[in-house]
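Remember, it's a predicted structure, so these values are computed and weren't measured experimentally. Convention: sequence-line order gives letters A, B, ...; per-chain numbering from 1.
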2 protein chains.
Amino acid sequence: MGAATIRDVAAKADVSVASVSRVLNGLANVSAGTRERVEQAARDLGYVPHAGARSLSMAKSHTVGVLLPDMHGEFFSELLRGMDLEANRRGYLLLFSNLHAGSSQGEAALRAMRGKVDGLVVMAPHLDEATLAQALPPSIRAVLINAPGDVRSHSNIRVDNQVGVQAVVAHLRELGRQRIAYIGGPSGNIDARERGAAFAAAAGDSALMREGDFSVESGELAIRGLLDEGAAFDAVFAANDMMALGALRGLEAAGRRVPGDIAVAGFDDVPLASYLHLTTVKVGIAELARRALGLLIDELGDPARPLTAHRHTPTLVVRQTTVGS
Amino acid sequence: MGAATIRDVAAKADVSVASVSRVLNGLANVSAGTRERVEQAARDLGYVPHAGARSLSMAKSHTVGVLLPDMHGEFFSELLRGMDLEANRRGYLLLFSNLHAGSSQGEAALRAMRGKVDGLVVMAPHLDEATLAQALPPSIRAVLINAPGDVRSHSNIRVDNQVGVQAVVAHLRELGRQRIAYIGGPSGNIDARERGAAFAAAAGDSALMREGDFSVESGELAIRGLLDEGAAFDAVFAANDMMALGALRGLEAAGRRVPGDIAVAGFDDVPLASYLHLTTVKVGIAELARRALGLLIDELGDPARPLTAHRHTPTLVVRQTTVGS
DNA sequence: CTGAAAGCGCTTACAG
DNA sequence: CTGAAAGCGCTTACAG
């Protein structure tokens with residue numbers, strides 16, 4: 001309600017608002033007496049500076065906008081966790097908005113954020129380059145996570161999908177697996193495309209590829225399809241953990257033993273993967289998110305800083321769905 | 001960078017800033033010609049209103065602060081999903097902050113948010129009433145989720161733990177289970193306490209109770225302890241799903257059949273629960289969060305609105321860990 | 001229907 | 001070391 005303003009503090013301490021501002025911001029040029037009186041007054045009034053006014057005046061909000069696609073589960077929470085960690089550490093706040101549905105949603109969110117944030121972290125693996133370029137003018141400071149193509153208008157950081165896929169394929173080969181069935185993600189998703197391409201390149205002609213939509217169900221469906229067709233394969237590699245879980249379920253239902261008959265691997269390393277002993281690729285999404293936000297804050301602090309592009313290297317995590325205990 | 005301001009638009013359209021403001025806010029008292037020129041100018045300049053300045057001027061930010069404890073996984077993402085849904089629907093933005101560690105963190109976050117948000121949604125099942133009352137003066141509009149005790153300074157909404165616990169116990173009884181082992185959550189958590197009390201009341205003297213910390217590991221540990229002691233029980237009820245999963249794992253390792261030998265139930269209904277066919281209590285956290293934010297926005301729109309307290313009724317979800325297929 | 005002006009709560013040169 | 005004043009980008013009575 002009628003929260004105290006800087007004027008109230010100034011009046012109570014019998015000084016100018018300029019002095020109050022100086023004291024509260026820890027500037028040096030204030031006499032000890034003034035400092036003392038201002039601090040006392042501020043305490044008495046329970047004064048809390050109005051961050052909105054402050055940021056208007058300073059043209060700096062110490063807030064960054066986070067635009068994320070409509071995500072579920074652990075992936076999402078890990079992402080936010082990583083950013084929150086870094087935001088806390090560096091004195092920033094996170095203004096959040098989901099990027100559901102159409103790109104008009106995204107534009108609306110962007111408009112609503114102008115003047116409230118200093119920059120943006122945008123994750124948009126499903127947006128094409130043109131849409132992105134249009135919605136995000138270079139004048140807006142932003143760091144992109146897993147954005148498609150070679151966007152050069154903003155810094156970006158992406159998972160190195162190729163390294164991850166190669167590691168899995170090499171691992172399966174070492175185990176002597178001959179024929180790997182691959183369950184890909186939706187083709188509208190850049191990570192799905194990269195993983196699929198990397199797999200095709202690594203596995204060669206023998207590739208047995210099916211497409212899912214990143215859901216548990218689609219993974220199960222794909223496996224059932226393969227089994228029904230009588231396809232021969234001794235390993236399954238799904239483009240994400242959820243589909244790998246579906247595959248696991250489908251194989252179990254069909255009486256196939258894992259990894260005895262068929263080895264299974266996924267991608268992402270969601271917490272659930274460790275619970276189910278799934279061999280997978282650990283993306284380290286929290287760390288990736290932390291880096292993205294850190295990068296953005298660095299750029300905000302130094303506008304002359306050149307844009308950069310980063311690859312986040314994932315690591316293979318071997319568990320019992322490939323090397324059964 | 002030098003983004004266009006309302007002045008630039010006014011100059012370009014050759015009208016006053018007042019007229020620009022009127023047009024952009026859709027006020028009626030503007031001539032068609034003026035409206036047209038302003039809209040054209042705004043379009044040409046790619047003008048986006050400065051939301052920060054707007055909210056300072058209107059003393060309304062259309063943003064609500066979300067203070068959540070340090071949470072992992074699905075619970076967290078569902079919570080945010082529910083709020084985001086409602087925020088989107090009602091034209092609000094969400095300013096996010098984790099409430100890690102000490103209460104000083106919380107106060108810092110609160111200070112940082114003043115002047116940027118119109119109100120708060122606070123989830124603090126681990127804070128005691130005194131701390132909460134001190135950190136959250138009645139002058140700050142807020143809705144509490146699962147707050148302890150009878151805070152009457154703010155509206156609140158809580159899961160009806162008793163109803164959930166009773167449903168599970170009744171279900172197990174109906175199945176003929178005689179002795180239910182209960183794995184409780186950390187006593188510092190209000191939900192854990194409520195569930196424990198409800199269980200003790202429903203199960204009576206025969207109660208076999210152990211305490212965990214809501215983690216998978218603690219659930220597994222509790223079960224191992226019980227089995228090692230040679231305790232007799234034919235059902236396990238864990239205060240959350242994660243511990244129930246730990247119990248499942250512990251039972252499996254010990255060669256006990258579920259639900260043949262021992263029925264298992266959890267609480268929360270995280271997505272993982274459905275994947276593993278765990279009987280549990282569906283809290284509907286997204287819906288709860290949605291209601292909380294909706295309530296807050298209602299209050300912001302009508303300051304005279306009396307504070308209210310709500311119970312969110314959870315529902316029993318029966319799956320194969322109690323009634324095996 | 002339109003504009004000049006005050007005000008939202010701060011910060012920051014500029015004088016002194 | 002201190003204060004009066006202008007300014008951040010908007011909105012909104014108040015006159016006309």
For a quick check of understanding: with a heavy-atom distance under 4.0 Å over all strands, which category does [X] fall into, base, sugar-phosphate or nothing?
X: A:Arg114; value: sugar-phosphate
X: B:Ser21; value: base
X: A:Ser55; value: nothing
X: A:Thr5; value: sugar-phosphate

Quiz item: Given side chains that start at C-beta, do those of B:Ile145 and B:Asn156 come closer than 4.5 Å, heavy atoms only?
Solution: no

Quiz item: Taking for each residue the nucleotide of DNA chain D with the nearest heavy atom, is it B:Val20 or A:Arg22 whose nucleotide lies nearer the 5' end?
Solution: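 On the 5' side of the pair lies A:Arg22.
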
Nearest-0.5 Å distance that lies between atom [atom1] in [X] and atom [atom2] in [Y]:
X: B:Leu288; Y: B:His312; atom1: CG; atom2: NE2; result: 4.5 Å
X: A:Lys116; Y: B:Leu95; atom1: NZ; atom2: CG; result: 9.0 Å
X: B:Arg89; Y: B:Leu293; atom1: CZ; atom2: CG; result: 9.5 Å

N/O donor to acceptor pairs below 3.5 angstrom from side-chain atoms of residues 40-47 of chain A, sequence neighbours left out:
none

Self-check item: A:Asn146 versus A:Asp191, side-chain donor and acceptor atoms under 3.5 Å
Solution: yes

Quiz item: Taking 5' to 3' order, which nucleotide of DNA chain C is first and which is last to have an atom within less than 4.0 Å of a heavy atom in chain A?
Solution: C:dG9 to C:dA13

Quiz item: Given that both distances must come in under 3.5 Å, which nucleotide forms a Watson-Crick or G-U wobble pair with D:dA4?
Solution: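 Checking every strand shown, D:dA4 finds no partner, since no pair has both distances under 3.5 Å.
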
Self-check item: Sorted by number, the residues of residues 56-64 of chain A with heavy-atom contact under 4.0 Å to DNA chain C
Solution: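 Hits under 4.0 Å, by residue number: A:Ser57, A:Met58.
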
Practice problem: Start with the C-alpha distance between B:Asp160 and B:Thr313, add both sets of side-chain angles, then the distance that settles side chain to side chain donor-acceptor pair (under 3.5 Å), and finish with yes or no. | Solution: CA-CA 5 Å; B:Asp160 196 330; B:Thr313 305; 5.1 Å; no

Exercise. Answer yes or no: is there a donor N or O on one side and an acceptor on the other, between the side chain of A:Arg158 and the main chain of A:Ala147, under 3.5 Å?
Key: yes

Practice problem: With DNA chain C as reference, determine whether A:Val48 or B:Ala32 sits nearer its 5' end, using the nearest nucleotide of each. | Solution: B:Ala32

